[in-house]
Amino acid sequence: MVDIHNESFIKNQIDNIGFYNIEIDPTLNLFEEISNLKKEKNAIILAHYYQDAEIQEIADYLGDSLGLSQKAANTNADIILFAGVHFMAETAKILNPTKKVLIPDLKAGCSLSDSTPTAEFKKFINNYPNHIVISYINCSAEIKALSDIICTSSNAIKIVESLPKTQPIIFAPDKNLGNYINKVTGRNMILWNGSCMVHEIFNLEKLIKLKIRHPKAQLISHPECEEEILAISDYIGSTTELLRYTQHNPSKEFIIATEAGILHQMQKLNPNKTFIPGPNNTICACNECPFMKLNTLEKIYITLKYELPEINLDNELINKAIIPIKRMLELS
Ligand code: 13P
Ligand code: SF4
């Protein structure tokens, strides 16, 4: 039997696989255990809409990237457990550095964030000396530190519009979101060539056929989707905006072109409406983010119990990265 209190065993597991691989007593009521640990440790669980339904149900706050960073900045909890991906937990640490920030699996990354290596990005922005750098929050702390303003999908247009029309801008890392903002605002921002593997997988032909089969359905899409998908969409918005749209739009049927985790809240808030996950290029009917889905109830329980893995960042990096994030929060 492995001694789970052995510190070197725990650290070794995190270093090697990014989380604890410890068997949990299957008779444990994880909802109850997690809720007790939260009270005992004055901890808060922040979860993104792309988490599994059971994680959404135990979260103290559920939201999109903007809402989650606002909540992380203002919480009085001693511990923030971030049920999301690494850049989100990092942002929470930057915004509230005296708090202990935990993430259930250190390998919960993001393809968009990974598409922006720091050294290459530095060279790229040096080629455009008079440009303001706006980075989507889906990037590492190092990229944030190299940026002038951060944005999320719910405030990106507002943030770009806050700058004079004549101001040259670099937008990174998502080329699809950047291209969409260029179209809406009439700007000509220079785009970094990054993308989200989940939102790029929607299949145009299958979506068109689905729309024909469901003529009354509204196709609603996240702006990380490719241009051709956005072009046939009835509404484009961040996860929170898509959720609100399903509540206010009188349609009874919606085709959803974003990560399938959001369907749980859509269905919960609209029990009499039908939600169809957008078809993709694979044989699977749904679109799930493999990074978001690394988090499980079991990992959340162990993470909260042992207060590891923890997000730790260098103070100098925090001091640089917080500037563009604060600018975003002031403009939001
Ligand atoms: P929002 O949370 O801003 O809708 O973005 C979705 C996303 O891709 C998070 O990783
Ligand atoms: Fe990153 Fe895409 Fe997953 Fe969001 S859905 S965390 S952008 S890979």
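It should be emphasised that the depicted structure is a prediction, and the values quoted were computed from it without experimental measurement. Just so you know, ligand 1 is whichever comes first in the structure, and atom 1 is the first atom listed for that ligand.
Considering both main-chain and side-chain atoms, D64 never comes within under 3.5 Å of ligand 1 through any nitrogen or oxygen pair. Between S65 and ligand 1, a contact under 3.5 Å exists for at least one N or O pair. Distances between N or O atoms of H199 and those of ligand 1 include no value under 3.5 Å.
Heavy-atom distances between H48 and ligand 2 stay at or above 4.0 Å for every pair. Look at Y136 and you'll find a heavy atom under 4.0 Å from some atom of ligand 1.
Side-chain atoms of T240 and D64 include a donor-acceptor pair closer than 3.5 Å. Using modelled atom types, one finds no donor on one side chain facing an acceptor on the other under 3.5 Å when comparing N21 with Q13.
Applying the side-chain hydrogen bond (donor to acceptor under 3.5 Å, both in side chains) test to E253 and every residue at least two apart in sequence or in another chain returns H214. The side-chain hydrogen bond (donor to acceptor under 3.5 Å, both in side chains) search around Q70 returns none, not counting sequence neighbours. Checked against ring-ring contact (aromatic ring centres under 6.0 Å, His included), Y128 has the following partners two or more places apart in sequence or in another chain: F124, H131.
Inside a sphere of radius 2.8 Å centred on atom 3 (Fe) of ligand 2, the protein N/O/S atoms present are C289 SG.
Results of the side chain to side chain donor-acceptor pair (under 3.5 Å) test with Q56 over K268, Q265, H48 single out Q265 as the only residue that passes.
For N203 (side chain) and K206 (main-chain N/O), a donor-acceptor pair under 3.5 Å exists by modelled atom type.
Residue nearest to atom 1 (P) of ligand 1, selected from G261, G67, S238, S153: S153 (by heavy-atom distance).
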